[in-house]
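One structure below.
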Protein chains: 2
Amino acid sequence: MTNPSAPKKKASSEIPERTDIRTIARLANVSIATVSRTINRVATVNPKMAQRVWEAIEKLDFVPNTQARSLVSGRSKLFGLIVSEITNPFFPELIQGFEDIAVEHGYEILVSSTSYDPKRMSHCIRRMLERKVEGVAIMTFGIEEPLLVQLAKRKVPLVFIDFGPERPGISVLRVDYQHGIGQAVRHLAALGHRDIAFVTGPKRLHSAQSRLTAFMKSMSDFGIVPDSSRVVVGNHTLDGGAMAMEKLLSLKPLPTAVICSNDMSAIGVLHKLYRAGLSVPGDISIIGFDDIAIADVMMPPLTTVRMSRYDIAKAAFGALRSHVESPQESHCCREINISTSLVIRESTGAPRGSISPPRKGSV
Amino acid sequence: MTNPSAPKKKASSEIPERTDIRTIARLANVSIATVSRTINRVATVNPKMAQRVWEAIEKLDFVPNTQARSLVSGRSKLFGLIVSEITNPFFPELIQGFEDIAVEHGYEILVSSTSYDPKRMSHCIRRMLERKVEGVAIMTFGIEEPLLVQLAKRKVPLVFIDFGPERPGISVLRVDYQHGIGQAVRHLAALGHRDIAFVTGPKRLHSAQSRLTAFMKSMSDFGIVPDSSRVVVGNHTLDGGAMAMEKLLSLKPLPTAVICSNDMSAIGVLHKLYRAGLSVPGDISIIGFDDIAIADVMMPPLTTVRMSRYDIAKAAFGALRSHVESPQESHCCREINISTSLVIRESTGAPRGSISPPRKGSV
DNA sequence: CTGAAAGCGCTAACAA
DNA sequence: TTGTTAGCGCTTTCAG
């Protein structure tokens with residue numbers, strides 16, 4: 001007992017520096033049970049007593065101790081939220097949504113950004129387990145198998161995005177990449193593009209793979225078989241996008257359009273193009289993915305596939321909550337669909353020479 | 001006791017579904033005190049026993065319950081971190097730094113984004129109090145007085161940025177706006193600018209005011225007295241910047257340069273200029289403040305005043321930690337200086353007509 | 001409807 | 001050095 005405010009031994013003449021439920025009970029002249037009931041708004045408490053209790057609480061400015069509460073009730077009212085990269089604007093928007101909803105429902109969240117590092121991820125899962133989270137939303141778009149085991153063993157409700165094991169207590173948010181990316185390809189095709197490149201995300205990221213797959217499928221739907229040199233690996237960061245575009249720039253006939261696995265990559269691409277003195281969409285059309293807030297103020301504003309952070313946050317929280325609060329019917333929400341859709345702005349246009357005769361590619 | 005794993009009464013033939021310190025003690029054939037000591041790495045435990053304890057822990061995959069631990073020890077190892085706007089990239093970078101440092105030192109953080117809303121702020125302080133945080137970093141660059149009282153009353157160590165009350169247990173991070181903004185003005189003046197506008201942040205934000213003051217002071221250092229029409233109110237968002245620039249655009253002689261109170265505003269300004277068909281820095285020079293990651297990939301890359309998120313995170317954590325772990329010497333760290341400095345990129349140049357004859361604006 | 005009492009899982013005197 | 005024991009602040013049976 002390091003707690004400095006805790007008296008060593010009970011003594012009748014002790015000054016009660018700490019103000020707990022007992023202090024309130026004494027002041028309100030009721031039992032601690034009544035105080036507890038009042039605070040928890042149990043309907044059966046006599047209004048008169050409740051009134052006295054609230055007054056005492058007000059007067060002493062009492063704040064209940066969540067730790068003690070959780071300890072005895074077995075409910076921490078805490079959810080974990082793991083994201084891969086808090087510096088990618090997509091995630092703060094997601095976190096904000098999740099936090100808003102959680103708080104609204106009386107939950108707190110423990111956020112952790114793992115920077116794609118399995119070590120950090122492992123450590124952070126451990127910490128969450130120690131804090132007795134009631135569920136974890138793993139919004140990293142991919143996870144290492146062993147870490148998963150660590151969590152699943154505990155039977156902590158989990159919600160994944162894109163990819164997760166099929167087990168009770170685990171929900172998966174299925175993002176319909178095909179729809180949005182299909183729209184993107186159709187948009188480009190309608191504009192006259194046939195030579196479309198793709199900047200992927202990190203190879204081990206499941207979501208990045210799904211986006212690529214959706215792209216390939218959409219292309220072949222239009223009878224286009226992209227050759228592999230048009231698919232270049234990025235890493236979902238600004239730099240990664242810039243580097244990917246650099247590679248693309250060295251290609252013999254420059255692709256007339258490029259779709260990126262996320263907006264950060266697309267912005268990197270835009271920047272590299274700016275450096276190269278190429279105009280967008282004049283020389284080349286660009287499409288991103290995510291629709292982060294900044295996409296709208298790029299020069300030019302970025303055409304992109306929107307994936308609603310709010311929908312994701314809401315679905316993730318909902319899944320966790322239903323697992324926690326009604327475990328028996330939790331199977332009903334095992335999979336939730338998240339839709340995506342194209343937002344057309346100004347980074348896409350007809351390819352050079354599609355109407356007027358083709359001319360030499362600049363650069 | 002809702003806890004479903006908790007047996008109602010002790011019974012000798014109970015299956016111990018829950019694995020706590022007692023279970024470990026039994027398996028390792030030691031007392032619970034020894035288990036506790038082992039976990040807490042108390043040096044005096046017999047290595048042999050410790051070994052047995054660790055094995056049992058390993059075998060049962062035991063994770064200690066932080067809530068119980070905090071409850072008895074009086075140390076939650078939790079810090080609160082309040083930011084104003086998680087969707088402004090400045091903050092995620094700050095959060096990341098703070099989290100890294102905190103975790104490294106065995107602390108957890110509770111993050112909350114208040115969106116400048118005093119109601120949310122109040123609610124979030126309350127929640128943090130309930131969770132028994134040991135300190136709160138209030139990185140909102142401004143706070144309402146009554147909320148402050150709420151916290152100060154509890155004697156929770158606090159660290160503010162820019163502005164905070166002078167009380168024991170409270171540290172303040174003083175940002176040296178004058179240095180960076182002075183550099184910015186000097187840079188512009190050296191380039192030949194005299195007609196420099198300023199886009200402020202929200203009026204009630206202390207930091208925004210300080211930035212404006214630093215600007216005014218720097219201007220007068222160069223003998224320039226900016227007329228008030230050149231100071232336009234923004235709100236530290238993309239939209240706010242765009243709207244501010246719109247106002248500026250209607251000014252009779254367009255200012256030749258504009259300094260913004262933060263990068264988000266500057267990006268909004270850049271975008272509005274792009275819309276207006278004006279070139280940067282050809283027609284007008286722009287300087288931001290913060291140096292968020294995206295500033296470097298703007299078109300053109302934004303000249304801005306850098307304020308290190310990492311320095312702030314480190315200083316904030318350090319202040320909190322020293323208050324918690326050695327309260328007696330906490331007065332030694334009441335004020336910490338944070339420096340700022342100009343990062344020159346490509347959004348600044350000589351004003352039109354200063355050296356070479358003016359040419360038509362490109363688009 | 002209210003109060004007394006038994007813990008939640010753990011740490012820290014204190015004694016052995 | 002190790003074990004025993006008394007709580008941390010709260011919820012929740014269970015009697016009354």
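Just so you know, these numbers use all the heavy atoms, side chains as well, and skip hydrogens, waters and symmetry mates. Chain naming here is simple, since letters A, B, ... match the order of the sequence lines and numbering starts at 1 in each.
- Nucleotide D/dG9 holds its P atom 17 Å from the CZ atom of B/Arg131, rounded to whole Å.
- With rounding to whole Å, B/Gln67 atom CD is found 11 Å from C/dC10 atom C1'.
- Of the residues near DNA chain D, B/Ala68 and B/Asn29, the one whose nearest nucleotide (by heavy atom distance) lies more toward the 5' end is B/Asn29.
- Taking both residues in full, the closest heavy atoms of B/Ile336 and B/Ala315 are given as CG2-CB, 3.9 Å, listed atom of the first, atom of the second, then distance.
- OP1 and OP2 of D/dC10 both lie 4.0 Å or more from every side-chain N or O belonging to A/Ser36.
- Checked against C/dG3, D/dG9, D/dT1, the side chain of B/Thr44 finds its nearest nucleotide in D/dT1.
- Atom pair A/Asn40:CG and D/dT13:P shows a separation of 13 Å (rounding to whole Å applied).
- The nearest heavy atom of DNA chain C to A/Ala33 and to B/Ile32 marks one nucleotide each, and the one closer to the 5' end goes with A/Ala33.
- Side chain of B/Ser76 to main chain of B/Lys132: a donor-acceptor pair is present (N/O by atom type, distance under 3.5 Å, no hydrogens or angles).
- Here B/Thr34 reaches the OP1 or OP2 of D/dG3: one of its side-chain N or O atoms lies under 4.0 Å away.
- Taking each heavy atom of A/Thr140 and A/Val83 in turn, the nearest pair found is CG2-C, 3.7 Å.
- For D/dG3, one of the phosphate oxygens OP1 or OP2 lies less than 4.0 angstrom from a side-chain nitrogen or oxygen of B/Ser31.
- B/Phe62 places its CZ atom 8 Å from the C1' atom of C/dG9, with the value rounded to the nearest Å.
- Within 4.0 Å of B/Val35, counting heavy atoms only, lies no atom of the nucleic acid at all.
- B/Asn40 and B/Arg69 share a side-chain donor-acceptor pair at under 3.5 Å.
- Residues A/Thr114 and A/Asp117 bring no donor and acceptor atom of their side chains to less than 3.5 Å of each other.
- One atom, NZ of B/Lys77, and another, C1' of D/dC8, lie 18 Å apart when rounded to the nearest Å.
- You'll find that the side chain of A/Ile21 is closest to D/dT11, out of D/dT11, D/dG3, C/dG9.
- Counting to the nearest Å, the P atom of C/dT11 and the CZ atom of B/Arg75 are 13 Å from each other.
- Not one side-chain nitrogen or oxygen of A/Asn65 sits closer than 4.0 Å to the OP1 or OP2 atom of D/dC8.
- Between the C1' atom of D/dC8 and the CZ atom of B/Arg69 lies a distance of 15 Å, rounded to the nearest Å.
- Computed from coordinates, the A/Met49 CE to C/dG3 C1' distance equals 9 Å when rounded to whole Å.
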